[in-house]
Undergrad: 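Mind having a look at this structure? Questions to follow.
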2 protein chains.
Amino acid sequence: MPGGAAELRINGARLLDSIACLAEIGATPEGGAERLAFTPEDGAGRDLVRSWMEDAGLDIRVDGIGNVIGRRAGEDPDAAPVMLGSHTDTVGNGGRYDGNLGVLAALEVGRTLNDRDIRTRRPLEVAIFSNEEGSRYHPDMLGSLVYAGGLDLESAWALRSPDGTRTLKEELEAIGYLGEAPVPGPVPAAYVELHIEQGPVLEAEGIDFGAVTGVQGILWEEITLSGKANHAGTTPMRFRHDAGVVAADAVLLARQLTREIPGQVATVGRMSFAPGLTNVVPGRAVFTLDIRNPDPDRLRRAEDGFFSGLEAAAGREGVRIERRELARFGPAVFDEKVIALVEEAAAALGGSCRRMPSGAGHDAQMMSRVCPTGMVFVPSVGGVSHNPTEFTRDEDVTAGGNALLTVAFALLKS
Amino acid sequence: MPGGAAELRINGARLLDSIACLAEIGATPEGGAERLAFTPEDGAGRDLVRSWMEDAGLDIRVDGIGNVIGRRAGEDPDAAPVMLGSHTDTVGNGGRYDGNLGVLAALEVGRTLNDRDIRTRRPLEVAIFSNEEGSRYHPDMLGSLVYAGGLDLESAWALRSPDGTRTLKEELEAIGYLGEAPVPGPVPAAYVELHIEQGPVLEAEGIDFGAVTGVQGILWEEITLSGKANHAGTTPMRFRHDAGVVAADAVLLARQLTREIPGQVATVGRMSFAPGLTNVVPGRAVFTLDIRNPDPDRLRRAEDGFFSGLEAAAGREGVRIERRELARFGPAVFDEKVIALVEEAAAALGGSCRRMPSGAGHDAQMMSRVCPTGMVFVPSVGGVSHNPTEFTRDEDVTAGGNALLTVAFALLKS
């Protein structure tokens, strides 16, 4: 590692303590946490981390969408900051690592620089982005989206709570996070996020770090098939218009596309037949399709292949198709220089590393729209996430913090 | 038609009036009726038909399971009766023909014999069987099952209402149909039932009558597949244990068996994935299988083929299968002599006729366990049934009544 920082390491025990302490807020019986965006638990989680930022001497600003950013000054007053961060909101009955690791490791980078009394050319910023999970307000990654200028503040403020009784703005105000810092926010020199993989690859391959190359493009559709409900005993097969059979064709078609198209994943996660009776041919089937690919052309090929195959199957059975697009994001491509820095950091730490796309969305995806961006992944035991049993081993948490520190330190000097 | 009965015809207008009048009890806004078994509406429907039976001079008996049987005496005091009948309970939001046609046409046979002052060697019995539909109490065809000795009265009485607050016996008592006639009931010389087809075949082929050869054997299973719920974005395909993919294999496997096995029908009517989220690989899928065949060996072949194929698919995906049998009835085979009488009656009436199995269960299925049995089908417009739009044209209703009369008259003389 260049620049005499070979011995620069975070305080792993302090990072683990912080993770455990934050998990006490909204703690669930199974050992996870639930701090849904803009609820009092989310507010309490932010309060705690903000107090730690203040203790670390960071200058805090809160913007209009509630993003909390703590700044550690640099030596060059004109240099753009290096931003590290993630989110502290969780899904319902979530885990203690998703998001929290990225925020608390960013804070730990600041604390470590403080401990060693290290001045950097660029400022360091530690960001807590609002509503990354999207459990109560769509879209997800809302805070970083607004920060990056992808959604205007008035539109975001007008979003209504799930029960319809309040606006997002009212909820922000209620928890004390309706800030005044402007959005879109100032563009950092770079953005780096540490995150658990939330998938099984690193653990299964025995690899210490993922150097994330970008985030897969994603398409979500809800598909409704309409055939004709009929008596299951008295309706000969040749008279049937069975929506369920076409839905089954769709599931297997999606699976087949993953065999044909490199890097393709496809999932039918929701499925129901109506009227839903044992002895009635299903007249209607409603299901969702989730397809992802890091390559936009391949994703398009998967989409086209799926729907042309579905139309053929529906035509054979005499069933009608309705499509409703639920989400569509093009792939995010991370910065080659930052990716390389992650690989170098892994090597410097004596760890193995592989390049990989992120299967899930992250705040880094939004920040990559405005600045050079990268991510570090550490292994998730069993690939489990969004679940109280989500777990990353202590040594991997510490190693991830050190990789983040190493990458950040290189960027802070640049 | 032999024996000077060539001109013996029912009063079609009276039969249609009776159908319309009974449909007023429990009438639904869309023109159907709802008289769920053992509810006050069911009681009121029985009361009306019983009063008509009394007006027609029939001797009424009610047995322990609430079956109502009206008897028109024959000339030979030792001859077993010819029984005609069906049921007057309906499904939820049902139609006005299913069951009711068979009961009211049987009554119309008695009325016609009265009009013409015709004495027959054998007594005629008109039966209303209890709870044919099974909407509130399982199994369906309960009244005829108990009549035929397939279930003992104490077990039937002990069944509990859907909300669990009452027994079947208490409900029978409440509507005044806990009778004293013994069950199993006396074995008739023959049983004949007129019913709407509830399927599309007769209408589609332009045929007037179905001479029903029996009732398909049936197997209902609920199948639960357990794989592993995982993140749809971060879990590579090779790590998945997707219960939904195996469920889709199952749907298509069932369809494939209908192409390979003569007379086979197969339906997956209910299907749901859990946790049922767009971005989560389904860890669980629950669905039902309904397979039917008039031939017991072919039905067995379908069952074996389905489950061996399902096991192979589940093995490939690493998914576990649990089976729960919901219903299993072997095929019922009707009496060749009665089937031939139906064909002869159709010919005598100048109508076209085809032999066909019944896809749905009927009281005739239970009666066929104890006596020579047959059924007459008339066309269902659009094959629709169990629905307020269930409809059979007036001329087909009348023709069906005449076919029943013709068959019954031959048997009553025999």
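So that the names make sense, note that chain A is the first sequence line, chain B the second, and so on, each numbered from 1. For clarity, every value in this text was computed on a predicted model and none was experimentally measured.
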Undergrad: Where does A:L326 contact chain B at under 4.5 Å (heavy atoms): side chain, backbone, both or neither?
TA: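 Just the side chain, heavy atoms under 4.5 Å.
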Undergrad: Please determine, among A:A274, A:A247, A:A248, the option with the most heavy-atom pairs under 4.5 Å with chain B.
TA: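 Of the options given, most contacts go to A:A248.
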Undergrad: For A:A327, is it the side chain, the backbone, both or neither that has a heavy atom under 4.5 Å from a heavy atom of chain B?
TA: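 Contact with chain B is absent: no heavy atom of A:A327 under 4.5 Å.
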Undergrad: For chain B, which of A:H386, A:M271, A:R270 has the most heavy-atom pairs under 4.5 Å?
TA: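 With the most close heavy-atom pairs to chain B, the winner is A:M271.
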Undergrad: Counting heavy-atom pairs under 4.5 Å with chain A, which one of B:V280, B:T235, B:V245 comes out on top?
TA: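 Winner by heavy-atom pair count: B:V245.
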Undergrad: Looking at chain A, which one of B:G283, B:G359, B:A360, B:P357 has the largest number of heavy-atom pairs inside 4.5 Å, strictly under?
TA: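 Greatest number of close heavy-atom pairs with chain A: B:G359.
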Undergrad: Check each atom of B:A266 against the heavy atoms of chain A and say whether the ones under 4.5 Å are side chain, backbone, both or neither.
TA: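 Answer is backbone: N, CA, C or O of B:A266 sit under 4.5 Å from chain A.
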Undergrad: Go through it in stages, so that I can follow the logic: the residues are A:M237 and B:Q264, the test is side-chain contact (heavy atoms from CB on, under 4.5 Å), and I'd like the CA-CA distance, side-chain angles, deciding distance and then a yes or no.
TA: CA-CA 8 Å; A:M237 302 311 294; B:Q264 185 64 45; over 6 Å; no
Undergrad: Please flag which part of A:S385 lies under 4.5 Å from any non-hydrogen atom of chain B: side chain, backbone, both or neither.
TA: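 Interface part for A:S385: neither.
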Undergrad: Return the CG to OG1 distance between A:N279 and B:T267, rounded to the nearest 0.5 Å.
TA: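 The CG atom of A:N279 sits 8.5 Å away from the OG1 atom of B:T267.
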Undergrad: Who wins among B:A232, B:G383, B:G361, B:A250 for the most heavy-atom pairs under 4.5 Å with chain A?
TA: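 Most heavy-atom pairs within the cutoff with chain A belong to B:A232.
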Undergrad: If I take atom CZ from residue A:R255 and atom CD from residue B:E317, how far apart are they, to the nearest 0.5 angstrom?
TA: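 If we round to the nearest 0.5 Å, A:R255:CZ and B:E317:CD are 4.0 Å apart.
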Undergrad: For A:Q198, is it the side chain, the backbone, both, or neither that has a heavy atom closer than 4.5 Å to a heavy atom of chain B?
TA: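 Both backbone and side chain.
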Undergrad: Any chance you could measure A:T234, atom OG1, to B:I196, atom CD1, to the nearest 0.5 Å?
TA: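 Interatomic distance, A:T234 OG1 to B:I196 CD1, rounded to 0.5 Å: 9.0 Å.
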Undergrad: Non-hydrogen atoms of chain B under 4.5 Å away: do they reach the side chain of A:R238, the backbone, both or neither?
TA: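 When you check distances to chain B, only side chain atoms of A:R238 fall under 4.5 Å.
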Undergrad: With only heavy atoms counted, which part of A:N387 is less than 4.5 Å from chain B, the side chain, the backbone, both or neither?
TA: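 The answer is neither part of A:N387.
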Undergrad: Do you know the tightest heavy-atom contact between A:V201 and B:F239?
TA: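 The answer is CG2-CE1, 4.3 Å.
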Undergrad: For the candidates B:P282, B:P200, B:P275, B:S272, which exhibits the highest count of non-hydrogen atom pairs separated by less than 4.5 Å from chain A?
TA: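 The option with the most such pairs is B:P200.
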Undergrad: If every non-hydrogen atom of B:V265 is compared with every non-hydrogen atom of A:G233, which pair is closest and at what distance?
TA: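 Shortest heavy-atom contact: CG2-O, 4.5 Å.
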Undergrad: Taking B:E197, B:R292, B:R259 one by one, which has the highest count of heavy-atom pairs under 4.5 Å against chain A?
TA: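 Ranked by heavy-atom pairs under 4.5 Å with chain A, first place is B:R292.
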Undergrad: With a 6.0 Å cut-off (strictly less than), is the heavy-atom count around CZ of B:R136, excluding the residue itself, greater than 12?
TA: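 Correct, the count exceeds 12.
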Undergrad: Which value, rounded to the nearest 0.5 Å, describes the distance between A:I218 atom CD1 and B:T278 atom OG1?
TA: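 Answer rounded to 0.5 Å: 9.5 Å.
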Undergrad: Heavy-atom pairs under 4.5 Å with chain B - which of A:A285, A:G269, A:G199 has more of them than the others?
TA: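 Answer, by heavy-atom pair count under 4.5 Å with chain B: A:G269.
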Undergrad: Quick one: which of B:I291, B:D249, B:D242 has the most heavy-atom pairs under 4.5 Å with chain A, could you say?
TA: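 The option with the most such pairs is B:D249.
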